[in-house]
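These notes concern the structure reproduced below.
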Amino acid sequence: MDKKSQCTILCLQDIGCNQTTIEKYRKMSNANDIEGMVKMLSCIRCRVLEEIHEKQEKLDCLDYIIFELRKQKNK
């Protein structure tokens with residue numbers, strides 16, 4: 001495995017991909033299935049983006065509570 005492939009695998013591990021997903025990616029890479037790899041990575045990206053949105057909603061909720069508490073304190 002070349003250095004670029006190793007970096008990609010490490011990145012997939014860092015973002016939380018399981019071993020099955022990583023192995024599937026490796027097989028597509030070995031078969032030079034660029035379309036398959038792009039499709040897989042796009043799906044993973046959608047999942048990560050959804051996680052970000054969920055976290056943002058939690059932050060918004062906390063910000064609102066903090067805002068309301070500060071507003072109460074200043075009365």
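Other residues, nucleotides and ligands contribute more than 12 heavy atoms inside 6.0 Å of the CZ atom of R47. Under a cut-off of 6.0 angstrom, the local environment of CD in E68 is crowded, with over 12 non-hydrogen atoms contributed by other residues, nucleotides or ligands. Residue Q72 qualifies as open at atom CD: its count of foreign heavy atoms under 6.0 Å is 12 or below.
Rounding to the nearest 0.5 angstrom, the gap separating the OH atom in Y25 from the SG atom in C11 is 9.0 Å. The distance from the CG atom of L10 to the CD1 atom of I22 is 8.5 Å, given to the nearest 0.5 Å. Residue K71 holds its NZ atom at 14.5 Å from CD1 of I66, rounded to the nearest 0.5 Å.
In terms of heavy atoms, M40 sits closest to T21 at CE-O, 3.5 Å.
Hydrophobic cluster membership is shared by I44 and I52, with clusters built from Ile, Leu, Val, Met, Phe, Trp and Tyr side chains linked at under 4.5 angstrom. In the hydrophobic cluster analysis, where Ile, Leu, Val, Met, Phe, Trp and Tyr join through side-chain heavy atoms closer than 4.5 angstrom, F67 is grouped apart from L69.
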When you look at E23 and R26, which way does the salt bridge (charged side-chain N to carboxylate O under 4.0 Å, His left out) test go after all the steps?
CA-CA 5 Å; E23 190 54 39; R26 269 194 189 125; 3.5 Å; yes
List the steps, then state whether side-chain contact (heavy atoms from CB on, under 4.5 Å) holds for Q13 with I9.
CA-CA 6 Å; Q13 289 171 339; I9 298 303; 4.1 Å; yes
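Sorted by first and then second residue, the salt bridge (Lys or Arg N to Asp or Glu O under 4.0 Å) pairs with a member in residues 52-65 form an empty list; sequence neighbours excluded.
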